[in-house]
There are 2 protein chains.
Amino acid sequence: MDRMNTEPPPVGLRERKKRAMRARLSDIALRLALERGVSQVRIEDIASEADVSPRTFNNYFSSKEAAIVGGATIRAEDFCGILKKMPAELSLHDALRATAIELFTEEPDRDWIARARLIRSEPSLFAEAAKADRSIERTIATEIGHRTGNDPTSHFTPRLAAAVTIAAMHVAVEFWLDSGNVPLREIVGQIMAKFHVEDIAPAEDRKDYHLAPSDRGTP
Amino acid sequence: MDRMNTEPPPVGLRERKKRAMRARLSDIALRLALERGVSQVRIEDIASEADVSPRTFNNYFSSKEAAIVGGATIRAEDFCGILKKMPAELSLHDALRATAIELFTEEPDRDWIARARLIRSEPSLFAEAAKADRSIERTIATEIGHRTGNDPTSHFTPRLAAAVTIAAMHVAVEFWLDSGNVPLREIVGQIMAKFHVEDIAPAEDRKDYHLAPSDRGTP
DNA sequence: GCATTTATTTGCCGAACCAGCAAGATTGCT
DNA sequence: AGCAATCTTGCTGGTTCGGCAAATAAATGC
């Protein structure tokens with residue numbers, strides 16, 4: 001009866017608790033890492049601050065590095081969401097540039113900045129972040145392929161566009177971290193204007209890599 | 001007197017043994033990982049095959065992942081060496097493209113291919129490789145800065161050029177691994193032609209931060 | 001040569017990581 | 001309230017990885 005509205009649509013209370021715990025562990029991990037340095041943080045420390053057992057921590061994250069980085073691992077959908085809304089008239093590169101800029105319209109908050117700096121200063125964190133980036137790149141490549149009407153499996157253009165875009169955003173963030181108080185979106189805009197990825201030319205399709213029908217068995 | 005030629009210039013016997021051991025451990029690690037899968041290889045296994053103690057393994061590599069990936073970590077100097085020799089008349093992008101192509105003139109051997117595949121299939125290895133790539137990227141960025149006559153610290157162009165070039169080479173390799181028997185250098189050439197990084201324009205130095213007069217015209 | 005210095009190998013150790021397992025506690029649904 | 005699904009937790013064992021110091025090997029000096 002009156003329960004109809006109270007239904008747990010995508011978010012049951014259980015799911016929310018789970019996400020909250022994940023976020024909390026991630027926050028604590030980040031804070032401790034900033035205070036003491038990554039190597040001086042033990043899983044036990046994080047767990048005890050969160051009032052859970054160390055074992056529980058490992059149910060959420062497979063390493064402290066994953067916890068520290070993990071909070072920032074939601075961007076791929078954002079990017080794709082924005083890209084999807086870009087008018088079809090735009091060239092691929094213009095669309096990507098606009099997307100990247102829009103992704104950073106609001107300036108990052110303190111935590112995001114601190115995390116970004118930390119990731120770039122600690123190789124173990126950088127490695128962890130790279131793992132995440134890999135799947136992000138694939139997601140974006142798929143979306144680009146969707147937009148340009150071809151499949152990342154048989155054409156490299158989507159993959160290339162995704163890879164260079166991500167690389168450019170990384171450079172932008174890194175440069176921004178080192179520079180003064182210029183808005184990040186400015187730098188992103190400038191950097192995305194400093195290079196150019198070609199949209200796929202329908203003519204030079206799969207002809208030049210004669211790998212069309214066969215191959216592509218096991219990657 | 002006659003000692004002048006016999007001096008141990010870069011290579012003492014000690015140094016050679018060291019490198020040989022490093023290479024041997026790396027080879028064994030790779031082979032075992034290919035045979036059993038990375039997670040089924042223990043440090044002890046590698047060490048015992050190499051007839052050294054496990055402790056010694058850790059003197060050479062800080063993890064088995066590092067050992068597996070480590071063999072392929074010499075490329076930066078190669079790239080820079082080739083880039084240095086590129087005629088100054090070439091635009092930056094042309095130079096980078098030519099460098100990338102030359103870097104892959106000889107087709108990779110079996111081991112290289114196997115390692116490349118493995119790295120791309122195992123996240124832990126991919127992460128390790130990413131760590132290495134980071135310093136490679138910096139080295140290349142410095143070299144590019146040297147060529148274009150500006151400092152990666154105060155300008156983002158060298159960093160951007162390095163980052164997108166590396167990203168492109170990765171895409172090329174990955175695509176090549178999945179595709180038939182097209183020469184790798186072909187794919188590298190095609191991919192490097194699908195995008196373009198601008199050489200730095202001496203005019204738009206650091207001034208244009210935060211004024212970006214509708215970005216320089218892109219044709 | 002032989003002694004000295006310098007670098008490497010090794011064993012021993014301990015702190016820490018991390019996943020499987022099964023019991024106990026929570027939550028969701030009816 | 002009762003039942004099923006899920007989450008938490010302690011326990012555990014295998015593994016990692018670096019510090020330390022003694023033994024061993026290589027390079028240097030005399």
Side-chain angles (χ1 to χ4, degrees), chain A residues 1-25 28-29 32-33 36-70 122-125 127-128 131, chain B residues 1 3-4 6-25 28-29 32-33 36-70 122-125 127-128 131:
Chain A
M1 323 182 68
D2 47 15
R3 268 304 196 80
M4 287 167 40
N5 306 353
T6 324
E7 59 177 20
V11 286
L13 177 133
R14 216 161 208 168
E15 189 63 18
R16 262 187 294 151
K17 269 198 159 184
K18 212 163 147 182
R19 295 189 193 187
M21 176 66 85
R22 217 183 139 80
R24 188 151 59 101
L25 288 171
I28 294 172
L32 291 182
R36 316 178 191 171
V38 180
S39 68
Q40 296 306 308
V41 180
R42 284 159 312 177
I43 288 184
E44 194 192 333
D45 301 330
I46 305 172
S48 93
E49 283 234 17
D51 279 307
V52 293
S53 75
R55 185 63 185 85
T56 297
F57 173 89
N58 268 352
N59 287 342
Y60 282 86
F61 296 101
S62 61
S63 70
K64 61 186 172 195
E65 286 82 7
I68 297 173
V69 170
E122 286 280 345
S124 63
L125 297 183
E128 187 63 35
K131 267 198 280 188
Chain B
M1 279 285 142
R3 267 304 196 78
M4 286 167 43
T6 324
E7 59 177 20
V11 286
L13 179 135
R14 219 163 206 166
E15 191 61 20
R16 261 186 296 151
K17 269 196 159 183
K18 211 164 149 182
R19 294 189 194 185
M21 177 67 85
R22 215 182 141 80
R24 188 151 59 102
L25 288 171
I28 294 172
L32 292 182
R36 317 178 189 169
V38 180
S39 68
Q40 296 306 308
V41 181
R42 283 160 312 174
I43 288 184
E44 193 191 334
D45 302 330
I46 305 171
S48 94
E49 285 235 16
D51 278 308
V52 293
S53 76
R55 187 63 185 82
T56 297
F57 173 89
N58 268 347
N59 287 341
Y60 283 86
F61 296 102
S62 61
S63 70
K64 60 186 172 196
E65 287 81 7
I68 298 173
V69 169
E122 286 280 346
S124 63
L125 297 183
E128 187 63 34
K131 267 198 281 187

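We use all heavy atoms of the structure for the numbers below, so side chains are in, but hydrogens, waters and symmetry mates are not.
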Quick test: give all pairs of protein nitrogen or oxygen and nucleotides 2-4 of chain C nitrogen or oxygen below 3.5 Å, distance rounded to 0.1 Å.
none

Identify the pairs formed between an N or O of the protein and an N or O of nucleotides 13-15 of chain D at a distance under 3.5 Å, and give each distance.
unit_1: D/dT15; atom_1: OP1; unit_2: B/Arg42; atom_2: NH1; d: 3.4

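With sequence neighbours excluded, the residues satisfying side-chain contact (heavy atoms from CB on, under 4.5 Å) with B/Glu49 are B/Ile28, B/Arg31, B/Leu32. Scanning for side-chain hydrogen bond (donor to acceptor under 3.5 Å, both in side chains) contacts around B/Ser53 gives B/Thr56, with sequence neighbours left out. With sequence neighbours excluded, the residues that form a salt bridge (charged side-chain N to carboxylate O under 4.0 Å, His left out) with B/Glu128 are B/Lys131. Scanning for side-chain contact (heavy atoms from CB on, under 4.5 Å) contacts around B/Lys17 gives B/Leu13, with sequence neighbours left out. Scored by the side-chain hydrogen bond (donor to acceptor under 3.5 Å, both in side chains) test, B/Arg22 finds no partners at all (sequence neighbours excluded). Under the rule for a salt bridge (charged side-chain N to carboxylate O under 4.0 Å, His left out), the partners of A/Arg36 that lie at least two apart in sequence or sit in another chain are A/Asp45.
Distance B/Leu25 CG to D/dC17 P: 14 Å, rounded to the nearest Å. Across the protein-nucleic acid pair, A/Arg16 atom CZ and C/dT26 atom P stand 19 Å apart, rounded to whole Å. B/Glu65 places its CD atom 14 Å from the C1' atom of C/dC18, with the value rounded to the nearest Å. Spacing between atom CD of A/Gln40 and atom P of C/dC17 amounts to 11 Å, rounded to whole angstrom units.
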For each nucleotide in nucleotides 6-13 of chain C, reading 5' to 3', give B when a protein heavy atom comes within less than 4.0 Å of its base, S when such contact involves only the sugar-phosphate, and - otherwise. BBSBBBB-

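The two atoms that bring B/Leu125 and B/Val69 nearest to each other are O-CG2, 3.7 Å, heavy atoms only. When all heavy atoms of B/Phe57 and B/Ala47 are compared, the pair lying nearest together is CB-CB, 4.5 Å.
Between A/Lys18 and A/Met21, the closest side-chain pair of non-hydrogen atoms is not below 4.5 Å.
Taken from CG in A/Leu25 to CG in A/Asn59, the straight-line distance is 10.0 Å, to the nearest 0.5 Å. Taking OG of B/Ser48 as the reference point, atom CZ of B/Arg42 lies at 9.0 Å (rounded to 0.5 Å). Taking CZ from B/Arg16 and CZ from B/Arg19, the interatomic distance works out to 10.0 Å, rounded to the nearest 0.5 Å. Atoms CZ and CD1, from B/Arg55 and B/Ile43 in turn, are 10.0 Å apart once rounded to the nearest 0.5 Å.
Rotation axes derived from the C1' atoms of the five outermost pairs at either end of the helix from C/dG1-D/dC30 to C/dT30-D/dA1 lie 30° apart, to the nearest 10°.
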